Every structure is written in structure tokens, then in C-alpha cells.
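These numbers come from a predicted model, not from an experiment. The basis for the numbers below is simple: all heavy atoms, side chains too, and nothing from hydrogens, waters or symmetry mates.
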Amino acid sequence: ARATLRLRYDPLTARLHADVAASGAGKDAPIAVAVHRRQGDGPGPILVTLRLAGTRTASAEYALDALGRADLAAGRLTAMLYTTAAPLGAGATSLAFR
């Protein structure tokens with residue numbers, strides 16, 4: 001499975017907008033992409049879920065609270081892909097904004 005995640009953050013409204021496009025079939029079929037607040041070595045709590053079951057694209061918007069804004073600035077947010085074969089997560093990447 002493969003997923004492309006595009007994020008836009010508006011610092012004036014503290015809103016995070018996410019668009020995802022995914023590919024894969026059978027056991028590699030994408031289920032979801034989630035943005036997590038990383039805790040230690042694990043992914044931590046989910047902030048935003050983009051459900052992909054039965055579709056290849058999804059969008060979501062989330063208003064970050066003060067902790068979410070601090071996590072974003074500190075690089076503690078990650079995105080994880082979930083598939084049929086890996087319902088606990090197939091891979092994660094840290095989110096960094098310029």
C-alpha cells in the first residue's frame with residue numbers, strides 16, 4: 001500500500017487540513033491514514049483519522065488545541081498508514097512544517 005498525505009496548517013485559525021490519496025488492493029488495501037500525537041516510541045493518541053475503506057481519497061479538517069499546536073511546532077505529530085494486512089499500522093512518518 002502507498003499513501004500521499006498533503007497537510008495545510010493555518011496558524012491564524014489553528015486548523016489543520018489533510019488530504020490523502022492511497023493505493024493498494026487485497027491485503028495491501030488501505031483502511032485509513034491517521035495523524036497521531038507521538039508519545040515515546042509509540043504513535044500515541046489519534047488527532048485526525050482519514051478513513052479510506054472503499055475509497056482511494058479522503059479529506060479531514062481538525063482544529064488544533066494549544067497542546068496540538070505545541071506538538072506540531074516540536075515535530076511530535078506523525079502520520080500512520082493502516083491496511084487490511086496491517087490494521088495496527090503499516091508505517092509512520094514524522095510531520096514537519098516549514
Roughly how far, to the nearest 0.5 Å, is CG of Leu7 from CG of Leu95? 5.5 Å
State the CZ-CG distance between Arg69 and Leu64, to the nearest 0.5 angstrom. 7.5 Å
Roughly how far, to the nearest 0.5 Å, is the CG atom of Leu16 from the OH atom of Tyr62? 9.5 Å
Which heavy-atom pair separates Ile31 from Thr84 by the least distance, and what is that distance? CD1-N, 3.5 Å
Verify, without hydrogens or angle tests, whether His17 (side chain) and Arg8 (backbone) share a donor-acceptor contact under 3.5 angstrom. no
Kindly indicate whether the side chain of Val35, heavy atoms from C-beta on, has any atom under 4.5 Å from the side chain of Ile46. no
So with a 6.0 Å cut-off around CZ of Arg2, is the heavy-atom count from everything else above 12? no
Who are the salt bridge (Lys or Arg N to Asp or Glu O under 4.0 Å) partners of Arg51, not counting sequence neighbours? none
Just how far is it from atom CG of Leu50 to atom OG1 of Thr57, taken to the nearest 0.5 Å? 10.0 Å
Measure the shortest side-chain to side-chain distance between Leu72 and Tyr9 over non-hydrogen atoms and say whether it is less than 4.5 angstrom. yes
Should Ser94 and Arg38 count as side-chain neighbours, where that means a heavy-atom distance under 4.5 Å? yes
With the side chain counted from C-beta on, respond yes when Leu67 and Arg37 share a heavy-atom pair under 4.5 Å apart, and no when they do not. yes
For the student: nearest non-hydrogen atoms of Val33 and Ala3, plus distance: CG2-CB, 4.0 Å
Can you hop from Leu47 to Tyr82 via hydrophobic side chains spaced under 4.5 Å? no
Side-chain donor/acceptor pairs under 3.5 Å, residues 20-28, sequence neighbours excluded:
none

Just distance, no hydrogens or angles: give the donor-acceptor pairs under 3.5 Å from side chains in residues 74-81, sequence neighbours left out.
unit_1: Arg76; atom_1: NE; unit_2: Asp71; atom_2: OD1; d: 2.6
unit_1: Arg76; atom_1: NH2; unit_2: Asp71; atom_2: OD1; d: 2.9

